[in-house]
Amino acid sequence: MTSAPPIPVSDAVDALNRVFGYPEFRGQQREIVEHVIGGGDALVLMPTGGGKSLCYQIPALVRPGTGVVISPLIALMQDQVDALRTLGVRAGFLNSTQDYDERRLVEAEFVGGELDLLYVAPEGLGTPGVQRLLDRGDISLFAIDEAHCVAQWGHDFRPDYLSLSMLHERWPDVPRIALTATATTATRDEIAERLRLNDARHFTASFDRPNIQYRIVGKNEPKRQLLELLRTEHAGDAGIVYCLSRASVEKHAEFLSANGIPALPYHAGLSAQTRYENQSRFLREDGLVMVATIAFGMGIDKPDVRFVAHLDLPKSVEGYYQETGRAGRDGLPSTAWLSYGLQDVVQLRKMIDSSDGDLNYRRNANRHLDAMLALCETVTCRRTRLLAYFDQEAPATRCGNCDTCLTPPESWDGTVPAQKLLSTVFRLKKERNQKFGAGQSIDILLGKRTDKVTQFRHDELSVFGIGADLRDTEWRGVVRQLLAGGYLAVEGEYSTLVLTETSGVVLRGEVTLMMRREIPTQRLRGGGSASSSSRSRTPAAAPADFPAEAEPLFESLRAWRASVAKEQAIPPYVIFHDKTLRAIATLEPSSLDQLGTVSGVGQSKLTKFGADVLAVVRGETPPSALPDPDLGPDPEPDLIPDADL
Ligand code: ADP
Ligand code: ZN
């Protein structure tokens with residue numbers, strides 16, 4: 001492939017306008033871009049969809065030399081580079097998926113100064129070969145994407161990221177910009193420290209994602225609950241369903257498919273080829289559901305993921321926020337839905353206890369889980385809690401777009417039931433020297449004479465039947481909330497319940513335990529524009545201000561985009577986002593100049609697609625869709641050798 005000629009850009013605004021087709025910078029972008037163009041180091045924290053890429057792409061275009069981007073997203077590099085090339089940016093990548101010839105070509109382009117951006121995997125950068133190569137070219141900047149991967153206690157730790165501290169030593173004059181969409185203050189400090197970014201300027205945007213509706217529900221019948229969510233609120237939408245285990249991924253992908261919802265599995269146990277194919281289909285086709293472990297999703301820039309559903313409890317708030325952040329990058333209403341139950345708490349605690357990690361590791365893992373549980377059990381606004389976790393203040397104490405704001409949960413005084421439960425655990429241990437799981441304690445409290453209760457003569461305990469005023473599900477809620485609060489713990493292979501150092505505080509009545517009452521599963525209404533009923537009809541959720549008259553033209557433009565995307569084997573949103581197509585459908589431009597004023601239409605896309613788009617606007621078949629007269633008729637089908645014969 002021969003390189004395109006460079007697009008000469010005079011400064012940052014010129015690059016923004018002509019290359020990306022955007023009229024102005026968003027938020028802190030301008031400041032960040034100017035700081036890096038001036039040679040400064042930067043640590044950028046911005047939520048997913050905030051516009052981090054431009055923060056290094058524009059400086060790379062303006063500064064002489066090639067911007068080297070370090071990214072763990074090997075399977076997405078091809079797509080990222082294709083998207084940049086569609087914009088007329090000279091981009092390439094180096095990673096382990098390439099063969100020798102492909103590599104040599106990219107290396108030659110880099111050394112010859114023919115690349116604006118070069119993507120490399122962190123493990124590549126650690127090799128002397130790549131380091132020597134980089135010495136032979138001109139580097140404008142280093143961009144360290146997904147910088148939270150360097151944090152050891154984070155949820156995405158990649159050991160290769162640790163070696164990135166050498167960038168500063170080896171190329172002290174090259175500015176570095178590290179970017180991530182999630183970090184607590186502690187993680188931020190860890191990133192700065194490990195990447196030797198001590199003198200870097202920190203830019204922290206608000207992490208709020210107002211278009212995402214956060215909902216956490218009790219797990220009763222998870223399959224039915226999931227199906228109902230998808231059918232009633234997200235019919236035809238693209239989304240991600242996260243499961244804890246590979247087996248659960250397989251099971252739920254099959255379940256959804258069997259129920260008429262197109263779904264694909266993704267987990268680390270599938271072959272690289274299958275993973276790549278499924279990811280690629282998810283990005284390119286409309287309305288697919290990806291059922292996945294957390295191995296999936298980092299760097300997925302599909303703008304119209306309408307929901308992220310967690311069937312199991314995430315291990316940390318940081319992970320949860322990163323995963324849910326993949327919904328609604330286009331700013332349109334989206335759902336983050338999590339179902340969680342007692343079993344999740346028990347299972348995760350057990351996983352932590354039986355892990356290979358040392359005491360320090362386990363303590364950290366439990367701390368992360370505690371924060372996640374506190375989020376689940378809160379009776380206050382979820383968004384406020386989430387932002388507080390990242391040391392940020394929410395715009396309001398009640399966001400109006402989370403389940404607790406939309407349907408305020410009843411809270412009730414659970415102190416006495418908690419005492420009854422703890423006494424049961426205490427008596428089993430003291431009077432019988434026995435430990436049992438949650439189920440047995442609940443049966444005892446409810447006064448159920450199950451086989452196991454009579455076998456162990458637990459009906460003779462003084463606590464037998466003293467909790468018949470609550471239902472089984474309510475008792476499970478009590479256990480869960482005691483576990484979440486650390487007043488109770490699980491232990492060993494059979495997940496038995498044991499008292500903790502703080503159990504006494506509850507038993508002596510020194511605290512009041514307000515608990516979240518279980519609300520039966522229901523659809524949430526309200527939340528202003530987040531109301532779901534209007535968006536379930538069309539997969540391309542339209543914003544409220546989009547005129548209905550423009551809808552037919554928007555659909556024609558989408559159809560044209562789909563055919564071009566297919567022909568060029570790139571995701572449709574790489575050509576134009578829905579937002580840009582809607583703006584075109586509303587404006588109905590009649591000239592290239594007019595089309596060029598639309599946000600998202602840069603110089604290169606105008607040249608490549610302008611004539612086509614104007615033809616679609618005029619109601620004609622675009623020039624690219626007409627048969628090429630020089631090619632003659634299509635070959636007869638029976639002349640094509642049949643592979644099956
Ligand atoms: P992030 O990497 O922070 O998740 P991206 O860099 O992918 O986000 O940007 C999210 C979306 O916003 C992209 O579609 C991008 O083109 C768009 N975008 C970024 N900056 C601007 C801007 N200044 N004006 C308009 N759109 C922008
Ligand atoms: Zn809220």
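Reckoned from all heavy atoms, side chains included, excluding hydrogens, waters and symmetry mates. Counting convention: from 1, in listed order, for ligands and their atoms alike.
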Inset, instruction - Around atom 8 (O) of ligand 1, find the nearest protein heavy atom and jot down its residue, atom name and distance. - result: G51 N, 3.2 Å

Legend entry - Salt-bridge present (R215, E233; N to O < 4.0 Å): yes

Inset, instruction - Give yes if a backbone or side-chain nitrogen or oxygen of K52 is under 3.5 Å from a nitrogen or oxygen of ligand 1, and no if not. - result: yes

Legend entry - R329, any N or O under 3.5 Å of ligand 1 N or O: yes

Inset, instruction - Heavy-atom contacts with T48 under 4.0 Å: which atoms of ligand 1 show up? List them by number with element. - result: 4 (O)

Legend entry - Qualifying residue for salt bridge (Lys or Arg N to Asp or Glu O under 4.0 Å) with D116, from R85, R63, R90: R90

Legend entry - Y22, Y56, Y573: member with heavy atom nearest to atom 15 (C) of ligand 1: Y22

Legend entry - Ring centroid separation F554 to F546 under 6.0 Å: yes

Inset, instruction - Any atoms of ligand 1 less than 4.0 Å from a non-hydrogen atom of E24? List them with their elements. - result: 22 (C), 23 (N), 24 (N)

Inset, instruction - Using a strict 4.0 Å threshold on nitrogen-to-oxygen distance, state whether D578 and R558 make a salt bridge. - result: yes

Legend entry - Side-chain ion pair, D304 and R306, N-O less than 4.0 Å: no

Inset, instruction - Mark up the atoms of ligand 1 that fall under 4.0 Å of a heavy atom belonging to H577, in ascending order. - result: 14 (O)

Legend entry - Output field: ring centroids H148/F157 closer than 6.0 Å: no

Legend entry - Expected output: side-chain R398 to main-chain C405 donor-acceptor under 3.5 Å: yes

Inset, instruction - With heavy atoms under 4.0 Å as the rule, classify the contact between P47 and ligand 1 as side chain, backbone, both or neither. - result: backbone

Legend entry - Donor-acceptor under 3.5 Å (T597 side chain, Q594 main chain): yes

Legend entry - Sidechain-backbone polar pair: K302 side chain, F282 backbone, donor-acceptor under 3.5 Å: yes

Legend entry - Closest protein heavy atom to atom 20 (N) of ligand 1, given as residue, atom name and distance to 0.1 Å: Q29 NE2, 3.0 Å

Legend entry - Donor-acceptor contact below 3.5 Å, side chain D145 vs main chain P72: no

Inset, instruction - Give a yes or no on whether a salt bridge exists between K219 and D344, defined as a side-chain N under 4.0 angstrom from a carboxylate O. - result: yes

Inset, instruction - Please indicate whether any nitrogen or oxygen in G49 is less than 3.5 Å from any nitrogen or oxygen in ligand 1. - result: yes

Inset, instruction - Give the residue and atom name of whichever protein heavy atom lies nearest to atom 18 (N) of ligand 1, and the separation in Å to one decimal. - result: R26 NH2, 3.6 Å

Legend entry - Reference residue H310; test ring pair (Phe, Tyr, Trp, His ring centres under 6.0 Å); the match among Y214, Y321, Y340, Y320: Y320

Inset, instruction - Enumerate the atoms of ligand 1 whose separation from the nearest heavy atom of S53 is less than 4.0 angstrom. - result: 2 (O), 5 (P), 6 (O), 7 (O)

Legend entry - Region of F25 engaging ligand 1 - heavy atom pairs below 4.0 Å: backbone

Inset, instruction - Anything protein N/O/S under 2.8 Å from the Zn ion (ligand 2)? Just list residue and atom, please. - result: C381 SG, C399 SG, C402 SG, C405 SG

